[in-house]
J.: 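Structure below; questions to follow.
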Number of protein chains: 2
Amino acid sequence: MPKQVDYETRRRHIAEAVCDLIDRHGPEGATLRDVAQQAGVSMGAVQRCFATKDEMLAFALHRITERITAQGHEEINASTAKESAVTLLTATLRTLALIEPHQRRDARIMAAFTAHATAIPSLAEILRQAHAKTRDLLAWLIRYGQQTGEFRDDLDAALEAETLLPLVEGLTALALLGHRPTVPAHDTLTRRIDGLLMQPSRPGRSASSTAIV
Amino acid sequence: MPKQVDYETRRRHIAEAVCDLIDRHGPEGATLRDVAQQAGVSMGAVQRCFATKDEMLAFALHRITERITAQGHEEINASTAKESAVTLLTATLRTLALIEPHQRRDARIMAAFTAHATAIPSLAEILRQAHAKTRDLLAWLIRYGQQTGEFRDDLDAALEAETLLPLVEGLTALALLGHRPTVPAHDTLTRRIDGLLMQPSRPGRSASSTAIV
DNA sequence: GCTGATATGATGCAACCGCATCGGAAAGTT
DNA sequence: AACTTTCCGATGCGGTTGCATCATATCAGC
């Protein structure tokens, strides 16, 4: 038998190259040739890993959505249950909103894929599933906060999560474009979380009242 | 002197063709040849109107952002001041969120330009200005509602507007991808508006309590 | 009714795209 | 060592891209 190769590892490596190029040169930058060069392999290797370019993009998108949602779960699992639901939800939202400078790469990639998904249904499906997962995660966090008595139990967790999801997505897009908000994006999130609290703090000090880390 | 043509009119006509193509064939569909054919003019005519393709895209983006914000203002001007601030804000948000089927075209175009703006600063600047205008419009509406006594006057209108803006943007993106929310997007908006009310309705009937039209 | 400036549309061009193909290198079996 | 099978990198191909060029059609002024 000839030389054997771990295709799954290679696929992941190529997917990383795809993300790098989309980040640096925009949505159009991910050509097969450039991807191959970025990944340090030949163009033929890329073609053997993915039957078509769309398949390559779909794999890369699946990878990055899983990575982002995994980061969201990390915030929870790493807490060892000793942290409050407010802290958990705040940290999770900040992670998912991709507003920190070090998350700019992920934000650009997601924006590029969102626009591309307009024309490619398979990509749209991946994004839909990712958003549904995120929403369910947020709903779970809210219910958890209700159990701990931190959040108002007259709230419908599913409804609140359905509001937080577009808020997070919108913050990502605005931050990516360099939108200069009158108030920092993370304050917008904490203000929103205040609305969930059992004893909401009064406006004016709400942003700092739930400050974390 | 030879035949004279109204260049501004032609530029607008071509910009419309650009939007049509982006809507139908995605962000990549706006090639010079296809744009010319869609507009019913020759390729040379397109090139004479715009020095470069990016300039053409920037003009088209400027046009569509102005059109969308104008629709937002229309909701207000057409009201002859006899409508409540709640009704006005609700109608404006629904218009700007681009969630109705007939707005799908605008939503796709905006998504495509948002992703493209990642790589082209001039486009990003246009979008930044558009978002700032939208935010200021929302802040104005909230202050108006505070004057009429409909909205809580302990709220900072600017802060609330800074929350509504990403919410609207996020709803646009999610609706475009075909996200199936557990609750309709326009209910999410009305629920959010409820939070601004002087006497907020209790959860469970909030969505219907501010129903309009 | 010339004349000449100007708008026009077709064509050319170099570069790049995604995808297909193919000769040969590499590795395990006998 | 010879063979077979799998993988690899390079090259080719048809098509498309944005942009430049150029002969022609068109109209105001004399």
Side-chain angles (χ1 to χ4, degrees), chain A residues 1-15 17-22 24-61 112-113 115-123, chain B residues 1-15 17-22 24-61 112-113 115-123:
Chain A
M1 295 289 275
K3 178 161 61 176
Q4 284 291 10
V5 160
D6 185 349
Y7 275 93
E8 195 54 28
T9 298
R10 187 189 290 263
R11 284 162 75 96
R12 281 200 284 262
H13 180 64
I14 292 175
V18 170
C19 291
D20 275 336
L21 285 174
I22 290 181
R24 292 212 312 270
H25 301 108
E28 329 291 335
T31 71
L32 291 186
R33 283 168 179 82
D34 292 348
V35 167
Q37 184 177 2
Q38 173 72 23
V41 302
S42 78
M43 220 177 98
V46 176
Q47 291 183 266
R48 224 165 301 104
C49 283
F50 304 102
T52 177
K53 186 189 179 182
D54 285 350
E55 187 182 315
M56 178 182 76
L57 291 179
F59 184 84
L61 175 58
F113 273 121
H116 222 73
T118 294
I120 302 176
S122 59
L123 296 183
Chain B
M1 296 287 278
K3 177 163 58 178
Q4 286 288 11
V5 296
D6 184 349
Y7 274 93
E8 195 54 28
T9 299
R10 185 188 292 254
R11 285 162 75 96
R12 282 200 284 263
H13 181 63
I14 291 175
V18 170
C19 292
D20 275 337
L21 285 173
I22 289 181
R24 293 212 312 270
H25 302 108
E28 330 291 337
T31 72
L32 292 186
R33 282 167 180 82
D34 292 348
V35 166
Q37 183 177 1
Q38 173 71 23
V41 301
S42 76
M43 219 176 99
V46 176
Q47 292 182 267
R48 225 165 303 105
C49 282
F50 305 103
T52 177
K53 185 188 180 182
D54 285 350
E55 188 182 314
M56 178 182 76
L57 292 178
F59 184 84
L61 175 57
F113 274 120
H116 222 73
T118 295
I120 302 176
S122 60
L123 296 184

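The chains referred to below are lettered A, B, ... by the order of the sequence lines, with proteins before strands, and numbering in each begins at 1.
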J.: Answer yes or no: does a side-chain N or O of B:T52 lie under 4.0 Å from OP1 or OP2 of D:dC19?
T.: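 Answer is yes, contact under 4.0 Å.
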
J.: Could you give the CZ-to-C1' distance, from A:R11 to D:dC7, as a whole number of Å?
T.: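 After rounding, the reported distance stands at 16 Å.
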
J.: Measure across A:A30 and A:K53 and return the closest heavy-atom pair with its distance rounded to 0.1 Å.
T.: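 Minimum heavy-atom separation between A:A30 and A:K53: O-CE, 3.1 Å.
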
J.: Write down the distance between CG (A:L32) and P (D:dC8), rounded to a whole number of angstrom.
T.: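 A:L32 atom CG is separated from D:dC8 atom P by 17 Å.
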
J.: Could you give the distance from CD1 (B:I22) to CG (B:L57), rounded to the nearest 0.5 Å?
T.: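 So the gap between those two atoms works out to 6.0 Å.
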
J.: Atom CD1 of B:I14 and atom C1' of D:dG18: how far apart are they, to the nearest Å?
T.: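 Going from CD1 in B:I14 over to C1' in D:dG18 covers 15 Å.
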
J.: Does the side chain of B:I14 reach to within under 4.5 Å of the side chain of B:F50, using non-hydrogen atoms?
T.: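 Yes, their side chains come closer than 4.5 Å.
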
J.: What is the minimum heavy-atom distance between B:C49 and B:E55, and which atoms define it?
T.: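 It is O-OE2, 4.2 Å.
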
J.: Please state how far atom CZ in B:F50 lies from atom C1' in C:dA7, giving the value in whole angstrom units.
T.: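 B:F50 atom CZ is separated from C:dA7 atom C1' by 16 Å.
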
J.: Tell me whether the side-chain N/O atoms of B:T31 come closer than 4.0 Å to OP1 or OP2 in D:dT17.
T.: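 Looking at the OP1 and OP2 atoms of D:dT17, one of them is under 4.0 Å from a side-chain N or O of B:T31.
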
J.: Measure from the side-chain heavy atoms of B:K53 and tell me the nearest of C:dG9, C:dA7, D:dT17.
T.: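 Comparing C:dG9, C:dA7, D:dT17 against the side chain of B:K53, the answer is D:dT17.
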
J.: Expressed as a whole number of angstroms, how long is the span from B:R48:CZ to D:dA25:P?
T.: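 About 16 Å, once rounded to whole Å.
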
J.: Would B:Q38 and B:R24 count as a side-chain contact (heavy atoms from CB on, under 4.5 Å) here? Give the steps.
T.: CA-CA 11 Å; B:Q38 173 71 23; B:R24 293 212 312 270; 3.3 Å; yes

J.: Of B:G44 and B:A30, whose nearest nucleotide on DNA chain D comes first from the 5' end?
T.: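 The residue mapped nearer the 5' terminus is B:A30.
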
J.: Measure from CG on A:D6 to C1' on D:dT6 and round the result to the nearest Å.
T.: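 For the pair A:D6 CG and D:dT6 C1', the rounded distance is 16 Å.
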
J.: How long is the span from the CG atom in A:L61 to the CZ atom in A:F113, to the nearest 0.5 Å?
T.: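 These two atoms lie 5.0 Å from each other.
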
J.: Is there side-chain contact between A:M56 and A:L32, with at least one heavy-atom pair below 4.5 Å?
T.: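 In contact.
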
J.: Whole-Å distance between D:dT21 C1' and B:Q47 CD?
T.: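 From B:Q47 CD to D:dT21 C1': 10 Å.
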
J.: Between N or O atoms, less than 3.5 Å apart, protein on one side and nucleotides 12-15 of chain C on the other: list the pairs.
T.:
unit_1: C:dG12; atom_1: O6; unit_2: B:R33; atom_2: NH2; d: 3.4

J.: Check the distance between D:dT17's P and B:Q37's CD and give it to me in whole angstrom.
T.: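 The distance from CD of B:Q37 to P of D:dT17 comes to 11 Å, rounded to the nearest Å.
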
